[in-house]
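Take a look at the structure set out below.
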Amino acid sequence: MEQLVEARLDEIRRVMCKADDDPLKIVGVGAGAWGSVFIAMLQENYGTFRDKVSVRIWRRGGRSIDKATAQHLFEVINSREELLRRLIRRCAYLKYVEARLGDRVLYADEILKDGFCLNMIETPLCPLKVVTNLQEAVWDADVVVNGLPSTETFQVFSEISKYWKERVTAPVIISLAKGVEAEFEPRPRIVTPTQMIYRATGIPLENILYLGGPNIASEVYNKEYANARICGSEKWRKPLGKFLRQSHFIVWDNSDLVTHEVMGGLKNVYAIGAGMVDTLTKESATSKSVYFAHCTSEMIFITHLLAKEPEKLAGPLLADTYVTLLKGRNAWYGQKLAKGELNLQMGDSIKGKGMIQGVSAVKAFFELLNQSSLSLQHPEEGKPVTPAELCPILKMLYRILITREVSCEAVLEALRDETMNDPRELIEIAHSHLFFQPSLLGQTP
């Protein structure tokens with residue numbers, strides 16, 4: 001097995017033209033749950049070959065941990081004998097005792113070195129090499145893994161671009177981000193994280209890829225079977241797909257980068273509503289199935305606007321939606337809002353969970369699809385309507401989360417509206433019209 005792993009490492013080194021005495025340098029940028037797990041998996045798989053590969057992760061320094069989190073962390077450590085022994089061997093245990101007692105402050109970058117991601121305390125990772133200086137982390141990186149939220153991607157990569165001005169060869173960037181933003185000038189369009197990276201750095205588009213799939217970070221790290229797609233140019237997606245593949249983590253490849261990236265953001269929109277419905281109906285299977293029928297019909301409708309061959313996306317989109325509705329942070333956020341345990345004034349960066357990317361995605365998709373330039377004929381009323389007007393769940397989530405006109409209970413009102421059409425009719429509308437709008441993804445017809 002070790003020989004197979006080393007052979008994969010040697011192959012990617014060959015593809016990237018690495019000299020024998022020059023380690024392949026892999027850097028994660030951003031230390032959320034999925035970004036940390038992704039780097040930890042690479043460290044566990046390839047980290048023993050120190051002369052051939054270097055794996056590290058950047059996160060901002062200075063983020064302190066409150067006493068309640070320190071106490072929880074201490075409980076996690078003491079409940080796992082192997083973890084406890086590891087920290088004692090590394091002479092790292094005492095600081096957790098002191099933090100538990102309130103005698104010292106721990107920092108997020110400090111505990112990440114011991115394998116604790118602040119957004120995923122209960123799933124300890126392997127020890128990681130953590131860098132808090134961004135220039136030191138990325139200036140000579142061969143592969144950069146973007147684990148930042150979409151809302152931070154452009155800003156951070158704009159800073160990174162300053163450190164790459166003297167580079168002779170461009171790095172390869174794998175983006176894990178699933179959020180989207182919208183812009184309206186000179187024409188309405190979605191902006192994805194890979195497009196933000198391209199704008200910020202000028203790195204050739206063929207060197208920027210997206211990896212996503214129906215998975216939960218903690219479960220993937222614990223070696224639950226999972227799969228993902230790496231999307232982008234054939235030059236890089238195929239060798240990187242082989243390099244990233246593990247026995248429990250199967251990586252397929254696909255050329256359609258932007259569309260898969262957008263779909264990864266779309267499912268977060270409806271996951272928040274699913275969490276609300278789950279709580280408000282006391283986990284009613286019937287109500288959740290009604291919601292699922294309506295939200296999937298809206299997603300199918302939207303994919304017909306965004307993709308030339310939307311049928312090819314149906315499987316991956318539904319699979320990603322399913323796992324997010326079951327256990328993702330966006331569904332969790334919807335549940336907590338409906339219970340009153342969180343409120344919108346707290347923002348969309350939540351302690352212990354990180355960025356809830358579905359909130360900005362709701363804003364982006366609704367405002368984009370509500371542009372009058374995209375209007376079509378209403379099937380019954382025969383008058384022009386924007387695509388957003390035909391998506392009542394999306395519209396209601398926008399009113400709840402963005403304009404804050406109504407409470408979470410309004411999502412049930414949308415489901416119970418007697419004037420709401422059969423979800424099948426919306427799908428029929430999508431199939432009966434030539435909806436595809438390549439300009440929405442910044443593409444030419």
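Keep in mind that what you see is a predicted model, and the values were worked out from it rather than measured. We're numbering straight along the sequence, starting at 1.
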Report summary line: Hits for ring-ring contact (aromatic ring centres under 6.0 Å, His included) against Tyr221, two or more places apart or cross-chain, chain-then-number order -> none

Query raised in the report: Among pairs that include at least one residue of residues 74-85, which meet salt bridge (charged side-chain N to carboxylate O under 4.0 Å, His left out), considering only residues two or more places apart or in two chains?
Result: Glu81-Arg85

Query raised in the report: Between the main-chain N or O of His294 and the side-chain N or O of Tyr270, is there a donor-acceptor pair closer than 3.5 Å?
Result: no

Requested in this report: Please report the closest heavy-atom contact between Val180 and Val262, naming both atoms and the distance.
Outcome: CG1-CA, 4.2 Å

Query - Least distance between heavy atoms, Leu344 atom then Arg404 atom - result: O-NH2, 3.2 Å

Query raised in the report: Is Asn215 reaching over with its side chain to a backbone N or O of Ala226, donor-acceptor style, under 3.5 angstrom?
Result: no

Requested in this report: Evaluate the criterion side-chain contact (heavy atoms from CB on, under 4.5 Å) for residue pair Glu6 and Gln3; output intermediate values, then yes/no.
Outcome: CA-CA 5 Å; Glu6 187 172 14; Gln3 290 179 336; 5.7 Å; no

**Report entry** Note, Arg329 side chain near Ile350 side chain (heavy atom, < 4.5 Å)
**Finding:** no

Query raised in the report: Minimum heavy-atom separation for Pro387 to Leu305, with atom names?
Result: CB-CD1, 3.8 Å

Query raised in the report: Between Glu261 and Tyr210, is there a donor-acceptor pair closer than 3.5 Å when you use the side chain of the first and the backbone of the second?
Result: no

Report summary line: dist Ile77:CD1 -> Leu83:CG (nearest 0.5 Å) comes out at 6.0 Å

Query raised in the report: So, do Asn330 and Val359 sit near enough that their side-chain heavy atoms are less than 4.5 Å apart?
Result: no

Requested in this report: Check whether any side-chain heavy atom of Thr386 sits under 4.5 Å from a side-chain heavy atom of Leu374, and report yes or no.
Outcome: no

Query - 4.5 Å side-chain heavy-atom contact, Arg50 and Pro23 - result: no

Requested in this report: Decide salt bridge (charged side-chain N to carboxylate O under 4.0 Å, His left out) for Asp51 and Arg13; before the verdict, give the C-alpha distance in whole Å, the side-chain angles of both, and the deciding distance to 0.1 Å.
Outcome: CA-CA 12 Å; Asp51 58 332; Arg13 283 175 51 82; over 6 Å; no

Requested in this report: Mind checking ring-ring contact (aromatic ring centres under 6.0 Å, His included) for Tyr96 and listing every partner two or more places apart, or none if nothing turns up?
Outcome: Phe116

Query raised in the report: How far does CZ of Phe74 sit from CD of Gln71, to the nearest 0.5 angstrom?
Result: 10.0 Å

**Report entry** Contact list for residues 16-41, test side chain to side chain donor-acceptor pair (under 3.5 Å), sequence neighbours left out
**Finding:** Lys18-Asp22, Lys18-Asp142, Asp22-Lys25

Query raised in the report: Quick check: does any side chain N or O of Arg237 sit under 3.5 Å from a backbone N or O of Gly232, one acting as donor and the other as acceptor?
Result: yes

Requested in this report: Determine which pairs satisfy salt bridge (charged side-chain N to carboxylate O under 4.0 Å, His left out) with at least one residue from residues 342-359, sequence neighbours left out, and list them in order.
Outcome: Asp66-Lys351

**Report entry** Side-chain heavy-atom pair Phe157, Val144 within 4.5 angstrom cut-off
**Finding:** yes

Query raised in the report: Do the side-chain N and O atoms of Tyr93 and Asn78 include a donor-acceptor pair separated by under 3.5 angstrom?
Result: yes

**Report entry** Spatial distance of atom CD1 (Ile203) from atom CD1 (Ile208) [nearest 0.5 Å]
**Finding:** 6.5 Å

Query raised in the report: Between Arg14 and Glu11, does at least one N-O distance fall below 4.0 Å, as a salt bridge requires?
Result: yes

**Report entry** Glu152 side-chain N/O to Pro149 backbone N/O, donor-acceptor pair under 3.5 Å
**Finding:** no

For residues 120-137, tabulate all N or O donor-acceptor pairs below 3.5 Å that involve a side-chain atom, not counting sequence neighbours.
{"unit_1": "Glu122", "atom_1": "OE2", "unit_2": "His72", "atom_2": "NE2", "d": "3.0"}
{"unit_1": "Asn133", "atom_1": "OD1", "unit_2": "Gln135", "atom_2": "N", "d": "3.0"}
{"unit_1": "Asn133", "atom_1": "OD1", "unit_2": "Glu136", "atom_2": "N", "d": "2.8"}

Query raised in the report: Which pairs count as ring pair (Phe, Tyr, Trp, His ring centres under 6.0 Å) when at least one residue sits in residues 224-254, sequence neighbours excluded?
Result: Tyr46-Phe243

Query - Heavy-atom closest pair, residues Ile272 and Gly358 - result: CD1-C, 3.6 Å

Query raised in the report: Between Arg189 and Leu368, what is the shortest heavy-atom contact and its length?
Result: N-CD1, 3.2 Å

Query raised in the report: Looking at OG of Ser247 and CG of Leu4, how far apart are the two atoms once the value is rounded to the nearest 0.5 Å?
Result: 10.0 Å

Query raised in the report: Do you know which two heavy atoms are closest between Pro193 and Gly179, and how far apart they sit?
Result: CD-O, 3.1 Å

Report task. Using the salt bridge (charged side-chain N to carboxylate O under 4.0 Å, His left out) rule, take Glu181 and Arg199 through it: C-alpha gap first, then chi angles, then the decisive distance, then the call. Result -> CA-CA 14 Å; Glu181 307 296 321; Arg199 290 180 178 184; over 6 Å; no

Query raised in the report: Do Trp164 side-chain atoms and Gly202 backbone N/O form a donor-acceptor pair below 3.5 Å?
Result: no

Query raised in the report: Near Lys339 NZ, under 6.0 Å, is it more than 12 heavy atoms from other residues, nucleotides or ligands?
Result: yes

Report summary line: With sequence neighbours left out, the residues meeting ring-ring contact (aromatic ring centres under 6.0 Å, His included) with Phe49 are none

Query raised in the report: Is the shortest heavy-atom distance from the side chain of Lys235 to the side chain of Val15 under 4.5 Å?
Result: no

**Report entry** Glu298 (side chain) donor-acceptor with Leu394 (main chain) under 3.5 angstrom
**Finding:** yes

Contacts table for residues 101-112: side-chain donor-acceptor under 3.5 angstrom, sequence neighbours left out:
{"unit_1": "Arg104", "atom_1": "NH2", "unit_2": "Glu110", "atom_2": "OE1", "d": "3.3"}
{"unit_1": "Arg104", "atom_1": "NH2", "unit_2": "Glu110", "atom_2": "OE2", "d": "2.6"}
{"unit_1": "Glu110", "atom_1": "OE1", "unit_2": "Tyr107", "atom_2": "N", "d": "3.1"}

Query raised in the report: Quick one: are Met41 and Glu44 in side-chain contact, heavy atoms under 4.5 Å?
Result: no

Query raised in the report: Which residue pairs satisfy the salt bridge (charged side-chain N to carboxylate O under 4.0 Å, His left out) criterion with at least one member in residues 154-180, sequence neighbours excluded?
Result: Lys178-Asp320

Query raised in the report: About how many Å separate CZ of Arg229 and CG of Leu257, when rounded to the nearest 0.5 Å?
Result: 13.5 Å

Query raised in the report: Do other residues, nucleotides or ligands put more than 12 heavy atoms under 6.0 Å from Arg63 CZ?
Result: no

Query raised in the report: Any side-chain heavy-atom pair from Phe38 and Leu211 closer than 4.5 angstrom?
Result: yes

Report task. Take atom CD of Glu283 as the centre, draw a 6.0 Å sphere, and report whether it contains more than 12 heavy atoms from other residues, nucleotides or ligands. Result -> no

Query raised in the report: Which value, rounded to the nearest 0.5 Å, describes the distance between Leu337 atom CG and Leu401 atom CG?
Result: 6.5 Å

Query raised in the report: What pairs with Asp10 under side chain to side chain donor-acceptor pair (under 3.5 Å), at least two apart in sequence or on another chain?
Result: Lys52

Query raised in the report: Any salt bridge (charged side-chain N to carboxylate O under 4.0 Å, His left out) pairs touching residues 358-367, not counting sequence neighbours?
Result: Lys363-Glu367

Query raised in the report: Quick check: does any side chain N or O of Asn222 sit under 3.5 Å from a backbone N or O of Glu224, one acting as donor and the other as acceptor?
Result: no

Query - Any donor-acceptor N/O pair, Asn207 side chain to Pro171 backbone, under 3.5 Å - result: yes

Query raised in the report: Between Val251 and Leu240, is a side-chain contact (heavy atoms from CB on, under 4.5 Å) present by the stated rule, with each step listed?
Result: CA-CA 9 Å; Val251 180; Leu240 283 171; over 6 Å; no

